[in-house]
Structures are given as structure tokens and as C-alpha cells.
Amino acid sequence: MKKVLLFSFFLMSGLVVSQFLPVLAGAHFPVVKTVSNILLFVTLSFIMINVGREFEVDKNRWRSYATDYFIAMATAALPWLFVALYYIFVLLPSEYWADWTAWKENLLLSRFAAPTSAGILFTMLAAAGLKSSWLYKKVQVLAIFDDLDTILLMIPLQIMMMGLKWQLFVILFIVFILLVLGWKKMGAYNMPQNWRAILLYSVGVFAVCQSIYLVTEMLYGHDGSIHIEVLLPAFVLGMIMKHKHIESKIEYKVATAISFIFMFLVGLSMPRFIGVNFDELMDSATTLTAAQPMMGWGMIAVHVIIVSFLSNLGKLFPVFFYRERRKRERLALSIGMFTRGEVGAGVIFIALGYSLGGPALAISVLTLVLNLILTGIFVVWVKKLTISAYKADAHQMPGIENKDIF
């Protein structure tokens, strides 16, 4: 619980600092912003490499994962679609309901609601004593597929923002090569995987992606540049490593510290909401979402609660599957998927790169914070439901042992 609260604390601390950073940094603000963004991409790469390292499937039984992937995809898609529809039909005036620009911007921004935080979830379920349970094994598969689906769908969403250009086909080709490489070479390379090595790989992933962008920008200008986000390359790099689980205090502490730094930097990258003239911001906005008038903080709080409810409602999709298990276990599995964290924050940061903003951005960030704060409650709920299901099975089958459930 302490770790989850610290995630929220660092995200909110970064958000608070972001409101005063332009004034504090003064003329050095562009340099500070550049360094902050570099660190953010490197830490995001670090996190995604570790997510990729958790991706373990038996390729000889790939058909058996089809149902799990469908459930994970729907569990990621429903919260996203619910929030996107809410942003369109509630936050925007009716004249924008049929506007393609409004749809593509909000489809991108609302994607933050899709991914489950695999790292936070696995850690807290293990701490709750559920590591050998059916629920833990199943949620491990669903959460990783959930993150993978989010990463893959970010690509067409970003393409929609770019428009139909020749660079689109280059990006699609690179994505195809990465996916083929990840599948064919999964767990094939025996690479060093301590925190220093992974941090070095993270710097390398960022350097390659940024080099592609800078070279193409130099040749074809900003509008003709090719921008490959670090999410997929870092994830695939983690996939192709021969999976090693290095469990030591220093590895855990460094990985946790980097996640905290990432959350702080995400908050730090947010635009200013305090002490600014919103009329001027609206006039200078380059996107439709950023041009929307800012609402009062009380109304934003109401929207945060509703968006949180909608995003978690969509995560209940697994309840309707795995019928061989008790309903309480299926509900526990769905509630476990409520946890949000680094990948969702990464989506928000990418949306910022397209100058999305306005009240929808503030609601997205605060919804992420609220779900982080509630994560401890979600995990306690999951544990109670799982134990309740075990007791029901033990009552029906007196000879059953604890190991048969956990």
C-alpha cells in the first residue's frame, strides 16, 4: 500500500511543481524541459523493458492463449471506449459530436484508462499471499496482454493524429519487424539483466528512437519527421531477453525508485493550470481539446469520480468468462484489473506530445491519481473474495487442501 501511495504522491508532486517551474526556471526553462523529457523517455523505456521481460508464453500452445488475449483486449477496450464517449458527449459541446478531430484527439487521450498496471498488481497480490493462486496466474496473463494491446493500439491512434503520409508506411513496417522479432526471438538472448544493464538498454532505445526523429526532421522538416515512441521497441527488447528473475533488495529498490521518478516526471510534464489566463491559452491552442474552456475544480472532481467509475466498469468484462471458476473468483480477477499506473501515465505523456490539453487532460491525470490511491482497497477486496471462494470450495469438498486453491 505504501508503494502505491508513493506513486500518487510523486505524480501529484510533479503536477504541483509543473505549475511553478516556468517561473522558477526562468530563461533556463527550455533546457530544464528538454532534460525532463529525456529522463522521462529513458525511465519509460526502463519500465517497458521490465514489462516485456514478464511476457512469457508457451509458443507451442499459442492457440490456448487466444481466449485470454480476446478477454484482455476487451478488458482494455471497454474502459477506453466508455471514457472516450464520455469525453465526447459530456465534456464537448454538441457541435463537436460529429467532428473527426474531436474523436481522434479524445480517442488518444482516453486510452490512458485501458492498461492495467502489471508491476503494481503483481507486487501487491504477491504481498497479499496470492502468488500461487489461480487468480494470480490468470491475472499475470491478462495484465500483460492488456499492456501489449494498449501499446499496439497506440500506433494507429498516433497515425490518426499524423494523417496519411508516406512516413506512415515506414512506421508500420518498423512495427511489423519489431512484432515479428519479438515473437520469433522471444526469450532467445542471454543478456545481462541487472538494473544497470536495463538502464543502459533504456538509454539505447531512447537514443535510437530520437536519432530517427532528428535525422528525418533534418531531411524532411518537423511535419515530415518519423517519430517512433519508445513503448513498443522497449517492450520487444524485454521480450527477446532470456527471462531471468533477479530478486534482490537493490534490484527492487532501484526499479521502484525509477518508477517513482517516472511518475514525478509525468506530473512535471503537465501544462500549467494555476495562475494562467485560460482565455489566452484557448486562443493560442493548436488542438480542439486544449481549446476547451477550463471548468471549476469542484466540477472537475465530479468528472473524475464518474470517469473512474466508467473505466473500472469496463474492467469487469472477465466476470462473464472462466465459468468453471466461482463468480467470486471471476469478480476478484476483474477487480484486480482496476489497478492503473506507469503505462497509463505514459499514454498521457504521449498525448501531451500532440498538444492535447484542457479539462479532459486534468480529469485524466486526476483519475489516474484516484485509481492509484484506491489500489490498496482493490487488492484487499480481491484477497477477501479469493479467500471466500476457497472457503466455499473447502465447505463443499472437506478433503480439499489449501494448496489446491493457492
Checklist line | Side chain S334, main chain V319, donor-acceptor under 3.5 Å | finding: yes
Notebook entry, point to check: Considering only heavy atoms from C-beta outward, does the side chain of F176 approach that of V180 to under 4.5 Å?
Noted result: yes
For residues 81-96, tabulate all N or O donor-acceptor pairs below 3.5 Å that involve a side-chain atom, not counting sequence neighbours.
residue : atom : partner : partner atom : Å
Y86     : OH   : H303    : ND1          : 2.7
Y87     : OH   : S364    : OG           : 2.7

Next item on the list: Name all residues meeting the ring-ring contact (aromatic ring centres under 6.0 Å, His included) criterion together with F29; count only those two or more places apart in sequence or in a different chain, and write none if there are none.
Entry: none
Checklist line | Within-4.5 Å side-chain heavy-atom neighbours: L356 and N106 | finding: no
Check: Any sub-3.5 Å donor-acceptor pair from R330's side-chain atoms to F320's backbone N or O?
Finding: no
Notebook entry, point to check: Are any side-chain N or O atoms of S36 and backbone N or O atoms of V32, one a donor and one an acceptor, separated by less than 3.5 Å?
Noted result: no
Item checked: Check: W80 side chain, L107 main-chain N or O, donor-acceptor pair, under 3.5 Å -> yes
Note to self: Quick check against the 3.5 Å criterion: does W103 have a side-chain atom that pairs as donor or acceptor with the backbone of W97?
What the structure shows: yes
Note to self: Once side chain to side chain contact (heavy atoms under 4.5 Å, CB included) is applied, do any residues pair with M239, and if so which ones, sequence neighbours excluded?
What the structure shows: F55, M186, F235
Check: For I240 and G182, which heavy atoms make the closest approach, and how far apart are they?
Finding: CG2-CA, 4.0 Å
Notebook entry, point to check: Any donor and acceptor pair, going by atom type alone, linking the side chain of Q210 with main-chain N or O of V205 inside 3.5 Å?
Noted result: no
Note to self: Among residues at least two apart in sequence or on other chains, which ones pass side chain to side chain contact (heavy atoms under 4.5 Å, CB included) with L219?
What the structure shows: V215
Checklist line | side chain to side chain donor-acceptor pair (under 3.5 Å) against T289, all qualifying residues, sequence neighbours excluded | finding: E105
Margin query: Please find the pair of heavy atoms, one from P233 and one from V230, that lie closest to each other, and give the distance.
Written below: CD-O, 3.5 Å
Next item on the list: Determine whether more than 12 heavy atoms belonging to other residues, nucleotides or ligands lie under 6.0 Å from atom CE of M191.
Entry: yes
Check: Which residue pairs pass the salt bridge (Lys or Arg N to Asp or Glu O under 4.0 Å) test when at least one of the two sits in residues 14-33, sequence neighbours left out?
Finding: none
Note to self: Using the side chain to side chain contact (heavy atoms under 4.5 Å, CB included) criterion, which residues pair with V170? Sequence neighbours excluded.
What the structure shows: W166, I174, I226
Notebook entry, point to check: Which pair of heavy atoms, one from S311 and one from S308, lies closest together, and at what distance?
Noted result: OG-O, 2.9 Å
Item checked: Heavy-atom pair of closest approach, residues D99 and T101 -> OD1-N, 2.8 Å
Check: With sequence neighbours left out, what residues match A197 under side chain to side chain contact (heavy atoms under 4.5 Å, CB included)?
Finding: P192, N194, Y201
Next item on the list: Walk me through it: do F112 and T367 pass the test side chain to side chain contact (heavy atoms under 4.5 Å, CB included)?
Entry: CA-CA 10 Å; F112 86 93; T367 299; 4.0 Å; yes
Next item on the list: Sort and list the pairs that fulfil side chain to side chain donor-acceptor pair (under 3.5 Å) and have at least one residue in residues 312-322, not counting sequence neighbours.
Entry: D68-Y322, T116-K315, D146-K315, N312-R340, N312-N371
Item checked: Listed partners of F41 passing ring-ring contact (aromatic ring centres under 6.0 Å, His included), at least two apart -> F206, F349
Next item on the list: Would you check if L265 and N37 make a side-chain contact, meaning some heavy-atom pair closer than 4.5 Å?
Entry: no
Check: How far apart are the closest heavy atoms of P79 and A74, and which atoms are they?
Finding: CD-O, 4.3 Å
